[in-house]
Enquirer: 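Dropping a structure here in structure tokens format, bear with me for questions.
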Amino acid sequence: MYELRQNNDTRPVVYLDETWVNLNHTQGYIWQNPENTEGLKVPIGKGSRLIVCYAGSPSFGFVNNSKLVFRCKSGSTEDYHSQMNADIFEKWFVEMLASLEEPSVVVMDNASYHSVIAEDYPRANARKADIQKWLEKKFISYSPRNKYKLDEVALQMGHEVVRLPPYQCQYNPIELIWAQVKGEVAKKYSTFKIRDVEVLVNNALDEITKETWKKCGEHCNKLQDADFIKEGLRDEILEPIILTINPDDSSTDEDENDDDELPY
């Protein structure tokens, strides 16, 4: 991303991600009287949840018609990754790409449903005969590099996919958007009914402005640029330490007692 900016790449950068909102989502601190008889009473547990998938850009805000909000299956206690699968995401992803008005750079993380490979290559534990048969069929004599299915789809539609480094969500401005949305929901939510939290989530998403996206994007760009520069300076700052060990050298009691002869 740093290099794209340095090269004055004019394509819009589109960030996407998924998040969730629990049925019992509230603020960290709520008012109650000392007897605990008045004030907001939060049910025990997290309850059911909504899954949110969206895409947006610091250049123009959310991508038109790309908002996806749906309820997890009833009774599910697992996180949203178990409910958002490759089929759901691929359908949403293709429709989102179709809504983009110009070639764009699409940034996303490496969640498993983002990273389905374009072809099922033989695994390391496959039988030798099966691997040979596959290679002969493809007329290749080397191990192919994995290609992700959605990256290929995006390329065919005129877009480029860039993947975030693992566990580096701070580079994605949509994470700041999620925090703002969840904060708004928590402030206004008091009924603990799934239909009400769904309304609040949609309303909070609709209230996010292009200016908010721009500010979040600028913040993440600064983080990206600063870390890129730090990474480049790391080798210059850290000088190599060379230890030379001569197996013929031996210490004596006289050497150990002589401060002038101690190696530093």
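Along the sequence shown, the residues carry numbers beginning at 1.
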Enquirer: CG of Asp17 to SG of Cys53: how many Å apart, nearest 0.5 Å?
Expert: 8.0 Å
Enquirer: Starting from Tyr15, can I reach Leu176 by hopping between I/L/V/M/F/W/Y residues whose side chains sit under 4.5 Å apart?
Expert: no
Enquirer: Let me see the working for Asp227 and Tyr171 under side chain to side chain donor-acceptor pair (under 3.5 Å), right down to the final yes or no.
Expert: CA-CA 10 Å; Asp227 287 352; Tyr171 298 144; 2.6 Å; yes
Enquirer: When you measure from the side chain of Asn85 to the backbone N and O of Ile88, does any donor-acceptor pair fall under 3.5 Å?
Expert: yes
Enquirer: Do any pairs count as a side-chain hydrogen bond (donor to acceptor under 3.5 Å, both in side chains) and have a residue in residues 92-105, sequence neighbours left out, and if so which ones?
Expert: Lys91-Glu95
Enquirer: With sequence neighbours left out, what residues match Ser66 under side-chain hydrogen bond (donor to acceptor under 3.5 Å, both in side chains)?
Expert: none
Enquirer: Between Pro12 and Ser57, which heavy-atom pair has the shortest distance, and what is it?
Expert: CB-OG, 4.3 Å
Enquirer: Could you walk me through whether Asp109 and Asn172 pass side chain to side chain contact (heavy atoms under 4.5 Å, CB included), step by step?
Expert: CA-CA 9 Å; Asp109 61 28; Asn172 192 341; over 6 Å; no
Enquirer: Could you see if Phe93 belongs to whatever hydrophobic cluster contains Leu155? Use Ile, Leu, Val, Met, Phe, Trp, Tyr and a side-chain cutoff under 4.5 Å.
Expert: no
Enquirer: Side chains of Val52 and Val201: closer than 4.5 Å at any heavy-atom pair?
Expert: yes
Enquirer: Quick one: list whatever passes side-chain hydrogen bond (donor to acceptor under 3.5 Å, both in side chains) with Tyr54, sequence neighbours left out.
Expert: none
Enquirer: I'd like to check the side-chain hydrogen bond (donor to acceptor under 3.5 Å, both in side chains) partners of Gln170; sequence neighbours left out, ordered by chain and number.
Expert: Gln168
Enquirer: What I'd like to find out is whether the side chain of Gln224 reaches to under 4.5 Å of the side chain of Asn221, using heavy atoms alone.
Expert: yes
Enquirer: Between Asp9 and Arg5 (side chain of the first, backbone of the second, donor and acceptor by atom type, cut-off under 3.5 Å), is there such a pair?
Expert: no
Enquirer: Which residues pass the side-chain contact (heavy atoms from CB on, under 4.5 Å) test with Ala86, not counting sequence neighbours?
Expert: Tyr113, Val116
Enquirer: Name all residues meeting the side-chain hydrogen bond (donor to acceptor under 3.5 Å, both in side chains) criterion together with Glu160; count only those two or more places apart in sequence or in a different chain, and write none if there are none.
Expert: Arg11
Enquirer: Grouping I, L, V, M, F, W and Y whenever their side-chain heavy atoms are under 4.5 Å apart, do Val162 and Leu223 come out in a common cluster?
Expert: yes
Enquirer: Taking Tyr189 for its side chain and Leu23 for its backbone only, find out whether a donor-acceptor pair lies under 3.5 Å.
Expert: yes
Enquirer: Return the CD1 to SG distance between Ile174 and Cys220, rounded to the nearest 0.5 Å.
Expert: 10.5 Å
Enquirer: Got a donor-acceptor contact below 3.5 angstrom from the Ser115 side chain to the Ala111 backbone?
Expert: yes
Enquirer: Please assess His219 against Lys222 for the test side chain to side chain contact (heavy atoms under 4.5 Å, CB included), listing each intermediate value before the final yes or no.
Expert: CA-CA 5 Å; His219 173 79; Lys222 290 179 180 178; 5.9 Å; no
Enquirer: Flag yes if Leu68 and Val63 sit in one hydrophobic cluster, no otherwise; membership is Ile, Leu, Val, Met, Phe, Trp, Tyr, and two members link when side-chain heavy atoms are under 4.5 Å apart.
Expert: yes
Enquirer: Linking I/L/V/M/F/W/Y whenever any side-chain heavy atoms sit under 4.5 Å apart, do Val199 and Phe70 land together?
Expert: no
Enquirer: Side-chain contact, heavy-atom cut-off 4.5 Å: Phe62 with Leu205?
Expert: yes
Enquirer: Spell out, as yes or no, whether a donor-acceptor pair under 3.5 Å connects the side chain of Asn110 to the backbone of Leu164.
Expert: yes
Enquirer: Side chains of Pro58 and Glu218: closer than 4.5 Å at any heavy-atom pair?
Expert: no
Enquirer: Does a side-chain heavy-atom distance below 4.5 Å link Leu150 with Val161?
Expert: no
Enquirer: For residues 164-184, pull every pair meeting salt bridge (Lys or Arg N to Asp or Glu O under 4.0 Å), keeping only residues two or more places apart or in separate chains.
Expert: Glu184-Lys187, Glu184-Lys188
Enquirer: Only counting residues at least two apart or in another chain, list the ones meeting ring pair (Phe, Tyr, Trp, His ring centres under 6.0 Å) with Phe60.
Expert: none
Enquirer: Name all pairs fulfilling the salt bridge (Lys or Arg N to Asp or Glu O under 4.0 Å) condition that reach into residues 54-67, sequence neighbours left out, sorted by first residue then second.
Expert: Lys67-Asp206
Enquirer: List in chain and number order the residues that pass ring pair (Phe, Tyr, Trp, His ring centres under 6.0 Å) with His114, two or more places apart in sequence or in another chain; answer none if no residue qualifies.
Expert: Phe89
Enquirer: Does any pair with a residue in residues 161-174 pass salt bridge (Lys or Arg N to Asp or Glu O under 4.0 Å), and if so which ones, sequence neighbours excluded?
Expert: Asp151-Arg163
Enquirer: Measuring from atom CZ of Phe228 to atom CE of Met1, what distance do you get when rounded to the nearest 0.5 angstrom?
Expert: 12.5 Å
Enquirer: OG1/Thr191 to CD1/Ile194 distance, rounded to the nearest 0.5 angstrom?
Expert: 10.0 Å
Enquirer: Do Val107 and Leu16 have side-chain heavy atoms sitting under 4.5 Å apart?
Expert: no
Enquirer: Can you see which heavy atom on Glu198 is nearest to which on Leu50, and at what distance?
Expert: CA-CD1, 3.4 Å
Enquirer: Using side-chain heavy atoms (C-beta onward) and a distance below 4.5 Å, is Trp20 in contact with Cys72?
Expert: no
Enquirer: Could you tell me if the side chain of His25 sits less than 4.5 Å from the side chain of Val185, heavy atoms only?
Expert: yes
Enquirer: So, using side-chain contact (heavy atoms from CB on, under 4.5 Å) as the criterion, who are the partners of Gln156 when residues are at least two apart?
Expert: none
